[in-house]
Amino acid sequence: AQSVTQPDIHITVSEGASLELRCNYSYGATPYLFWYVQSPGQGLQLLLKYFSGDTLVQGIKGFEAEFKRSQSSFNLRKPSVHWSDAAEYFCAVRDNYGGSQGNLIFGKGTKLSVKP
Amino acid sequence: EAGVTQFPSHSVIEKGQTVTLRCDPISGHDNLYWYRRVMGKEIKFLLHFVKESKQDESGMPNNRFLAERTGGTYSTLKVQPAELEDSGVYFCASSRIAGGETQYFGPGTRLLVL
């Protein structure tokens with residue numbers, strides 16, 4: 001079965017510092033990968049997605065992610081974190097097995113805190 | 001264009017009571033998904049509608065949960081009778097096309113069963 005692992009439950013970074021959130025997936029073929037963000041009191045917002053092509057994907061709010069097949073990873077990065085980036089981040093893969101038609105499999109999420 | 005909306009935003013009920021959650025997808029989106037996040041766990045898939053038809057309900061936990069989407073527009077998810085372990089955040093998402101198309105999520109309904 002497919003799965004997504006986000007090894008870091010909680011990360012704290014200083015404002016202006018760089019950020020990398022880790023995501024590993026298990027899937028035999030080329031996966032469809034997503035990063036979503038949930039700010040306090042808000043719903044899930046799509047940051048970026050990877051389906052095929054260029055393995056470095058640009059998203060909204062200055063985020064990017066790189067698909068590395070050899071490492072089964074899709075880590076999210078941002079060069080300089082802003083206080084407004086404090087939120088919970090979810091990595092997800094599209095379920096392609098069985099009768100599934102596109103439902104997502106999520107990691108447990110990583111909470112990001114930003115220090116002034 | 002309005003996003004996915006969910007009602008209510010919060011619900012606190014006692015064990016054994018019934019609760020009905022509602023989701024209004026983005027207009028024109030045939031695909032509607034329900035997900036749930038129990039505290040401390042992953043967001044997990046519950047079921048998928050294509051228009052008014054249940055395409056995949058493999059994630060529904062048990063027969064206390066009933067989802068409907070009459071007319072292929074909004075959807076309801078009823079829990080009857082509610083148990084303590086049903087507490088969590090229930091998300092709804094919609095997409096125009098199943099599969100690779102982006103799913104747009106609503107803000108979720110936070111359900112607490114006491």
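In what follows, chains carry the letters A, B, and so on, assigned in the order in which the sequence lines appear, proteins first and then strands, with residues in each chain numbered from 1.
- Under the 4.5 Å side-chain contact rule for hydrophobic residues, A:L47 and A:Y25 share a cluster.
- Transitive grouping of hydrophobic side chains (ILVMFWY, heavy atoms separated by less than 4.5 Å) keeps B:L47 and B:V4 in distinct clusters.
- Of the two parts of A:Q38, only the side chain, counted from C-beta on, holds a non-hydrogen atom closer than 4.5 Å to a non-hydrogen atom of chain B.
- When hydrophobic clusters are built by joining Ile, Leu, Val, Met, Phe, Trp and Tyr residues whose side-chain heavy atoms come closer than 4.5 Å, directly or via intermediates, B:L77 is not grouped with B:L112.
- When every heavy atom of A:N103 is checked against every heavy atom of B:Q103, the shortest pair comes out as CA-NE2, 4.0 Å.
- Across all non-hydrogen atoms, the minimal contact from B:E42 to A:K108 is CG-CG, 3.4 Å.
- Placement of A:L19 and A:L33 within a single hydrophobic cluster is found when ILVMFWY residues are connected by side-chain heavy-atom separations under 4.5 Å, directly or transitively.
- Counting only heavy atoms from C-beta outward, the side chains of A:L104 and B:Y33 never approach each other to under 4.5 Å.
- Contacts between A:L44 and chain B at a heavy-atom distance below 4.5 Å involve backbone atoms as well as side-chain atoms.
- Here the OH atom belonging to A:Y32 is positioned 11.5 Å from the OG1 atom belonging to B:T102, to the nearest 0.5 angstrom.
- With rounding to the nearest 0.5 angstrom, the CZ atom of A:F90 is 10.0 Å from the CZ atom of B:F105.
- The number of heavy-atom neighbours closer than 6.0 Å to OH of B:Y104, taken from other residues, nucleotides and ligands shown, is 12 or below.
- If you chain together hydrophobic residues whose side chains sit under 4.5 Å apart, B:F91 and A:F34 fall into the same group.
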